There are 2 protein chains.
Amino acid sequence: MLTIGTLAKKTGTKVQTIRYYEQIGLLPEPGRSSGGQRRYGDAELDRLSFVRHARQLGFSLEAIRELLDLSDHPDKSCAEADAIARRQLKQVEQRIARLEALQTELKRMVHECSGGHTADCRVLEVLRDHSECLTNHEEIGG
Amino acid sequence: MLTIGTLAKKTGTKVQTIRYYEQIGLLPEPGRSSGGQRRYGDAELDRLSFVRHARQLGFSLEAIRELLDLSDHPDKSCAEADAIARRQLKQVEQRIARLEALQTELKRMVHECSGGHTADCRVLEVLRDHSECLTNHEEIGG
DNA sequence: ATACGACCTCCAGCTACTGTAGGTTCAAGA
DNA sequence: TCTTGAACCTACAGTAGCTGGAGGTCGTAT
Ligand SMILES: [Zn+2]
Ligand SMILES: [Zn+2]
Ligand SMILES: [Zn+2]
Ligand SMILES: [Zn+2]
């Protein structure tokens, strides 16, 4: 039986995060000691490891919830799990594309500025006027 | 003089977002009509366009606050602005690197799964066991 | 005069945690 | 057995950057 602190260490998770996952129903309520402290077994360790690994791969908690559910039902078709992963892959690819466009613009503005007063700063000029840009970057965030 | 709705349309911003920017002090409090509605001039339009463009390039509101301040003082050295942009570029490059590693793993798990029951799903297997991965992916989020 | 859209303030909610306050439990050492 | 101190508990607030809603007011066209 593991305490929450030990489980946290073993999975590289913060204690509060484990309690948070329990609160939102991603992890089941564990057993308790006579004094009311949480005690975990191997099943919970596996489950939390799964969650953390999926998070490291960028899956949202909602996606992870579905993946856990699928993992709990070995007889179901895995088509849904595969779809979630493909969706995630697509999202990652879109983000990469967007970030690469940003990278291009940022590189350009940094390289073109030769210092001096902010009145002539290339960085600020580009920020003031999108027509100085080579790429579009409609969406915000990320 | 522009209403908030017109300003929103001209800059591709939601009305609430403009009020939010004002609330956090990123945009100055504008003048008001006799009835208390916000009225904007060209200076505000420029300022908001700057903010939005910087957001599209991925700068944080905190960074934008500094950039605006530098832009307001044309005699200052632009070294700081350049530093902010370089920092942003670095961050973007790090994110790209991380996402490319994720992309590799996700592609692999998607391609290796040949369907069937979730019990044998390659996607779920990899999520259960990081040793199936080729890359490290310590950090979470993004 | 009235209708209707655009505006107003205030507040809650989103993701995925993280931190803090104030109190209790556990386990080891004296 | 008693004491100490780390680890635990609950509950709540805060982070970034918005977004949406409720309930009410303003502006303008007819
Ligand atoms: Zn410069
Ligand atoms: Zn641009
Ligand atoms: Zn599969
Ligand atoms: Zn892995």
Side-chain angles (χ1 to χ4, degrees), chain A residues 1-27 29-40 44 48 50-68 87-88 91 95 137-142, chain B residues 1-27 29-40 44 48 50-68 88 91 95 98 137-142:
Chain A
M1 284 295 169
L2 307 169
T3 66
I4 197 171
T6 314
L7 182 65
K9 245 172 236 159
K10 285 204 181 209
T11 57
T13 316
K14 303 223 168 175
V15 165
Q16 293 105 308
T17 304
I18 298 176
R19 290 199 280 246
Y20 170 69
Y21 287 162
E22 178 187 329
Q23 193 190 307
I24 63 169
L26 203 60
L27 300 180
E29 291 187 21
R32 300 272 181 155
S33 73
S34 58
Q37 299 193 354
R38 290 170 178 80
R39 292 293 181 266
Y40 296 95
E44 282 101 332
L48 180 54
F50 184 105
V51 171
R52 285 270 110 185
H53 194 209
R55 285 294 296 135
Q56 288 180 337
L57 288 164
F59 288 91
S60 72
L61 293 184
E62 249 334 281
I64 294 171
R65 204 187 287 275
E66 291 182 62
L67 290 167
L68 278 171
R87 211 166 60 209
Q88 175 64 16
Q91 211 183 79
R95 279 198 202 169
H137 25 252
E138 296 293 288
E139 321 101 60
I140 268 180
Chain B
M1 281 297 168
L2 308 170
T3 65
I4 197 170
T6 314
L7 182 65
K9 243 171 237 161
K10 285 204 179 209
T11 57
T13 316
K14 304 221 167 176
V15 165
Q16 293 105 306
T17 304
I18 298 176
R19 288 199 281 248
Y20 170 70
Y21 287 163
E22 177 187 330
Q23 192 189 307
I24 62 168
L26 203 62
L27 300 180
E29 291 187 23
R32 299 271 180 155
S33 73
S34 58
Q37 300 193 353
R38 289 170 179 81
R39 292 294 180 265
Y40 297 93
E44 282 101 333
L48 181 54
F50 184 105
V51 170
R52 286 270 110 185
H53 194 210
R55 285 295 294 135
Q56 288 180 335
L57 288 164
F59 289 92
S60 72
L61 294 182
E62 250 331 282
I64 294 171
R65 205 187 285 276
E66 291 182 63
L67 290 166
L68 279 170
Q88 175 64 15
Q91 213 183 78
R95 280 197 201 170
R98 189 171 132 64
H137 25 251
E138 295 292 290
E139 321 101 59
I140 269 180

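Keep in mind that what you see is a predicted model, and the values were worked out from it rather than measured. Every chain is numbered from 1, with letters handed out A, B, ... down the list of sequences.
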Nearest atoms (heavy-atom pairs only) where A:Val51 meets A:Ile64 = O-CD1, 3.7 Å

message = Given B:Tyr40, which partner from the list B:Leu7, B:Thr6, B:Thr3 fulfils the side-chain contact (heavy atoms from CB on, under 4.5 Å) test?
response = B:Leu7

query = Hey, are the side chains of B:Arg65 and B:Ile24 touching, using non-hydrogen atoms and a 4.5 Å cut-off?
reply = yes

task = Tell me the stems DNA chain C sits in, counting at least three consecutive Watson-Crick or G-U wobble pairs, each under 3.5 Å on both distances.
result = C:1-30 with D:1-30

query = Which nucleotide in the list D:dC9, D:dC18, C:dC17 gets nearest to the side chain of A:Leu61?
reply = C:dC17

message = Given D:dC18, C:dC26, C:dG19, identify the nucleotide with an atom nearest to the side chain of A:Gln16.
response = C:dG19

ask   = Is any side-chain N or O of A:Ser33 closer than 4.0 Å to OP1 or OP2 of C:dT25?
value = no

remark   = Comparing nearest nucleotides in DNA chain D, the 5'-proximal residue of the pair B:Gly35, B:Ser60 is B:Ser60

query = Would you call A:Leu57 and A:His53 a side-chain contact if the rule is heavy atoms closer than 4.5 Å?
reply = yes

remark   = Within residues 20-27 of chain A, the residues having a heavy atom closer than 4.0 Å to DNA chain C are A:Tyr20, A:Tyr21

inquiry  = On the nucleotide C:dG19, are OP1 or OP2 found under 4.0 Å from the side-chain N or O atoms that A:Lys14 carries?
reply    = yes

remark   = The nucleotide from C:dA16, D:dG20, D:dG27 with an atom nearest the side chain of B:Ser34 is D:dG27

inquiry  = Below the 4.0 Å mark, does C:dC17 have OP1 or OP2 next to a side-chain nitrogen or oxygen of A:Arg55?
reply    = yes

message = Let's go through B:Arg19 and B:Glu22 carefully: what are the C-alpha distance in whole Å and the side-chain angles of both, what is the deciding distance for salt bridge (charged side-chain N to carboxylate O under 4.0 Å, His left out) to 0.1 Å, and is it a yes or a no?
response = CA-CA 5 Å; B:Arg19 288 199 281 248; B:Glu22 177 187 330; over 6 Å; no

Pull out every protein N or O sitting under 3.5 Å from an N or O of nucleotides 2-7 of chain C, one pair per line with the distance.
unit_1: C:dC7; atom_1: OP1; unit_2: B:Thr3; atom_2: OG1; d: 2.9
unit_1: C:dC7; atom_1: OP1; unit_2: B:Gly5; atom_2: N; d: 2.7

